[in-house]
Amino acid sequence: MAIFLSGVKPTGIPTLGNYIGALRNFVKFQNEHKDDLFVFFVADLHAITTPQDPKELKQNIRNLVGLYLACGLNPDNMILFIQSEVSEHSEMGYVLQSVTYMGELERMTQYKDKAQKQTEGIASALFTYPVLMAADILLYDAEYVPVGDDQKQHLELTRDIAIRFNNRYGETFVVPEPLIAKTGSRIMDLQNPNKKMDKSADNNKGCIFLLEPLDSIRKKIKSAVTDSESIVRYDVENKPGISNLMTIYSSLTNLTYQEIEEKYRGIGYGQFKGDLAEIVVDEIAKIQNKFNEIINSPLLDQLLDEGRQKASQIARKKLCEVYKKVGLGRF
Ligand code: AMP
Ligand code: TRP
């Protein structure tokens, strides 16, 4: 049985980028691998590496759990939990800091980007964040980690940490593989197609949220930045705006770029954007309906309680093994 694992930070409401780059793939893999185990969690400890309002954070955690299920994750072969409820993540993170080098963390591009945006001092947790992420993964012997393109560097570091630990203390961790989709692993901002769509961005006009009113989604797609050529053609370098919209189109319909180009040959951007708006709205409306059905159901807490228990069991065992190998305590 293979183990697939991934997490999403509960900072704000998940975006269409999170859906196409991550959530939707979780569901796809789960459907394709019914005999394997899927470990999904809400990465709330990662959320506080940048300032969060406590009330909003609480709400975002609940909404994210609801969205995981509304997007189609199946409780049958899944362990679903909240990261902070399984204390082994922090404990393992600390041990792994002892085999991670400052220079490795200084090279992380996400840290550099985020640190630049901080006005009130940079939390040291933002710096050590990739080590906690390595702990999240290595605790469960995960073989596959489905993520968007922006997590690739963190996954490479996780592999390096696992290999280094294994070399130093003997075979302990499974070295995980990232699963990054060919199309849609980096959805860009609709107003600035050179920047990734990000739920924590300052300007929301280029970002589609999964719980946003459908009319507002239509408007954002129709006012997405394109170019003056008026030809639907995939060319990231010269036509980043239209190429990004084509990526969204292709991801949600499974049409290839070529098929989309043919379909809209001789037809302007207006029709293309109108069609895309309806495709996106159809998909998100389904998620919202399901979300509204389940968000107040006791099923959520039931699943989270069960998830916490199962995750803790696996994580405790791994942590004890690590303490023992490192020579800590009286193990
Ligand atoms: P985060 O919201 O940063 O916790 O990201 C959760 C997951 O969504 C990770 O696997 C990210 O790589 C993925 N993701 C975030 N933003 C995007 C985006 N704009 N396009 C594709 N995937 C994304
Ligand atoms: N760091 C990831 C992000 O920002 C979220 C995350 C935390 C994660 N721990 C993980 C993803 C472990 C995959 C595996 O998107």
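As the structure is a prediction and not an experimental result, all values here were calculated from the model. When a ligand or atom number is given, it counts from 1 through the structure's own listing order.
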Partner set under ring pair (Phe, Tyr, Trp, His ring centres under 6.0 Å) for Phe331, not counting sequence neighbours: Tyr323

Shortest protein heavy-atom distance from atom 4 (O) of ligand 2, along with the residue and atom involved: Tyr129 OH, 2.6 Å

Proximity to ligand 2 by part of Ile137, non-hydrogen separation under 4.0 Å: side chain

Atoms in ligand 2 with a heavy atom of Lys9 nearer than 4.0 Å: 3 (C), 4 (O)

Leu132, portion touching ligand 2 at heavy-atom distance under 4.0 Å: neither

Flag, side chain of Lys273 to backbone of Ala224, donor-acceptor distance under 3.5 Å: yes

Polar atom proximity, Ser6 to ligand 2 (N or O, under 3.5 Å): no

Within 6.0 Å of OH in Tyr257, more than 12 heavy atoms from elsewhere: yes

Atom 5 (C) of ligand 2: nearest protein contact (heavy atom, Å): Gly7 O, 3.5 Å

Polar proximity ligand 2 side, Asp136 side, N/O cut 3.5 Å exclusive: yes

Note, Met92 side chain near Leu138 side chain (heavy atom, < 4.5 Å): no

Ligand-residue contact atoms, ligand 2 with Leu5, heavy atoms, under 4.0 Å: 12 (C), 14 (C)

Any pair counted as salt bridge (Lys or Arg N to Asp or Glu O under 4.0 Å), so long as it reaches residues 238-254, sequence neighbours left out: Asp227-Lys239, Glu229-Lys239

Sole candidate of His46, Gln52, Lys199, Glu56 that passes side chain to side chain donor-acceptor pair (under 3.5 Å) when paired with Thr11: Lys199

Side-chain H-bond candidate by donor/acceptor type, Glu212 with Ser216, under 3.5 Å: yes

Residue Lys205 excluded, over 12 heavy atoms near NZ under 6.0 Å: no

Gln83 contact mode with ligand 2 (heavy-atom cut-off under 4.0 Å): neither

Minimum-distance protein heavy atom relative to atom 15 (O) of ligand 2: Gln151 NE2, 3.2 Å

Proximity of His154 and Tyr111 rings by center, below 6.0 Å: no

Contacting atoms of ligand 2, where contact means under 4.0 angstrom from a heavy atom of Val147: 11 (C), 13 (C)

For Val145, the ligand 2 atoms whose distance to one of its heavy atoms is below 4.0 Å: 13 (C), 14 (C)

Please list every donor-acceptor pair under 3.5 Å in which a side-chain atom of residues 64-76 meets a protein atom from a residue at least two apart or in another chain.
from	atom 1	to	atom 2	distance (Å)
Tyr68	OH	Val8	N	3.2
Tyr68	OH	Phe41	O	2.6
Asn74	OD1	Asp76	N	2.9

Distance-only side-chain donor-acceptor flag, Asp275 / Tyr264, under 3.5 Å: yes

Sub-4.0 Å atoms of ligand 2 with respect to non-hydrogen atoms of Phe41: 9 (N), 10 (C), 12 (C)

Gln309, CD: over 12 other non-hydrogen atoms inside 6.0 angstrom: no

Identify the protein atoms, limited to N or O, that lie within less than 3.5 Å of an N or O atom of ligand 1, and list each pair with its distance to 0.1 Å.
from	atom 1	to	atom 2	distance (Å)
ligand 1	2 (O)	Asn18	ND2	3.0
ligand 1	2 (O)	Lys199	NZ	2.5
ligand 1	3 (O)	Lys9	NZ	2.8
ligand 1	4 (O)	Lys9	N	2.8
ligand 1	5 (O)	Asn18	ND2	3.3
ligand 1	8 (O)	Asn18	ND2	3.0
ligand 1	10 (O)	Gly148	N	3.0
ligand 1	12 (O)	Gly148	N	2.9
ligand 1	12 (O)	Asp150	OD1	2.3
ligand 1	19 (N)	Ile187	O	2.8
ligand 1	19 (N)	Met197	O	2.9
ligand 1	20 (N)	Ile187	N	2.8
ligand 1	22 (N)	Gly17	O	3.2

